[in-house]
Amino acid sequence: MKTLEGQTAIVTGGAHGIGFGIAKVLGAEGANVLIADIDREGADRAAAEVAKSGREAIGVAADVTDKSSLEQMAAVALARWNRIDALAANAGIYPNYPLGEITAEQFDHVTSVNVRGALFSMQVCLPAMIEQHYGRIVLTSSITGSLVGAPQYGHYGATKAALIGLMKSAALEVILEGITINAVCPGNIRTEGFETTSPQHRARMLASIPLGEFGEPEDVAWAVRYLVSPEARYVTGQTLVIDGGQVLPE
Ligand code: NAP
């Protein structure tokens, strides 16, 4: 696979967890990386870490629920590198609520970060990609919702399934523009966010992974690395599951 030398990648939610893993791998593979996160200091720290690989990396404060902050994010990338080749629309949250207790506000918040955030992130990057006639977008969905369910994560699963629906139609809309849109579906990945889930939840998850261990952010990042490569030009509207075999057993 060719290096990503000369390419620009944007990673939302890149200060921590899976997004940080993606940023590190894309940087190590040659891309200049913009890390956008609601946690500005974390984004700067992550960018400093990615820059150790010798690439340019910058941190930007962005809340994916706020389109104007995402417009700013894209403008920063374009001012610095004059192109946007890859977008990992990864920012997401996964609070758990019993089905009967979730409020309209809680439901709307999870939806606005996980679904509207991905939509807005794509919207601000697509004009540059269309102009370049080249782009690679990867959404971070999940096995939860798109393939399986988990108690107290119904609202979350709904957002992650929605992302798959969004991806398929969006992929078709830009298919003649040299742009692909795919999704990764992680299983249970050891991240800062994941460590905040209950010990009982994590124990149940671990017991259901045939490989017998949680995934690492880099396991997801390498899947993203493939999907953002020029070589993946004929793959669009697809999901790639990275879960240590969790959804396999009968
Ligand atoms: P994480 O460790 O919590 O990292 C997520 C990052 O996104 C954090 O830096 C967070 O900032 C940031 N963020 C939250 N809300 C944001 C917003 N509105 N705008 C911009 N950035 C925001 O989470 P993760 O486990 O890496 O999860 C990343 C993605 O993978 C999510 O979409 C999640 O649904 C998905 N996923 C994760 C797993 C897993 O097992 N970890 C499995 C399947 C799918 P703060 O820390 O300041 O909130």
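All residue numbers refer to positions in the sequence shown, counting from 1. Start at 1 and go down the list; that is how both ligands and their atoms are numbered.
- If you look at Ala62 next to ligand 1, the close heavy atoms, those under 4.0 Å, all belong to the backbone.
- The aromatic rings of Tyr153 and His155 sit parallel to each other, their planes meeting at less than 30°, with 60° as the upper class boundary.
- Note on ring orientation: taking the six-membered ring where Trp is involved, the planes of His201 and Phe194 are perpendicular (angle over 60°, cut-offs 30° and 60°).
- Residue Glu71 qualifies as enclosed at atom CD: its count of foreign heavy atoms under 6.0 Å is above 12.
- No chain of hydrophobic side-chain contacts below 4.5 Å, direct or via other Ile, Leu, Val, Met, Phe, Trp or Tyr residues, connects Leu147 to Ile242.
- When non-hydrogen atoms are compared, ligand 1 lies under 4.0 Å from the side chain of Tyr156 (C-beta onward) but not from its backbone.
- Among all protein heavy atoms, the one lying closest to atom 9 (O) of ligand 1 is Asp37 OD2, 2.7 Å.
- Salt-bridge check for Glu131 with Arg83: failed, with every basic side-chain N at 4.0 Å or more from each acidic carboxylate O.
- Residue contact annotation: Thr140 has a non-hydrogen atom under 4.0 Å from ligand 1.
- Residue Val50 comes nearest to Ile35 through the heavy atom pair CG2-CD1, 3.9 Å, listed as atom of the first residue, atom of the second, then distance.
- At a 4.0 Å heavy-atom cut-off, ligand 1 touches Ser141 through the backbone alone.
- Counting the atoms of ligand 1 from 1 in the order shown, those under 4.0 Å from a heavy atom of Asp63 are 17 (C), 18 (N), 19 (N).
- Of the listed options Asn90, Asp66, Val110, Ile22, Asn90 places a heavy atom closest to atom 31 (C) of ligand 1.
- At a threshold of 4.0 Å, the pair Glu49-Lys24 does not count as salt-bridged, since none of the basic side-chain nitrogens sits closer than that to a carboxylate oxygen.
- With distances taken over non-hydrogen atoms, the option nearest atom 23 (O) of ligand 1 out of Phe20, Phe120, Tyr94 is Tyr94.
- Residue contact annotation: Lys160 has a non-hydrogen atom under 4.0 Å from ligand 1.
- Around atom 42 (C) of ligand 1, the closest heavy atom drawn from Ser142, Gly187, Gly92 belongs to Gly187.
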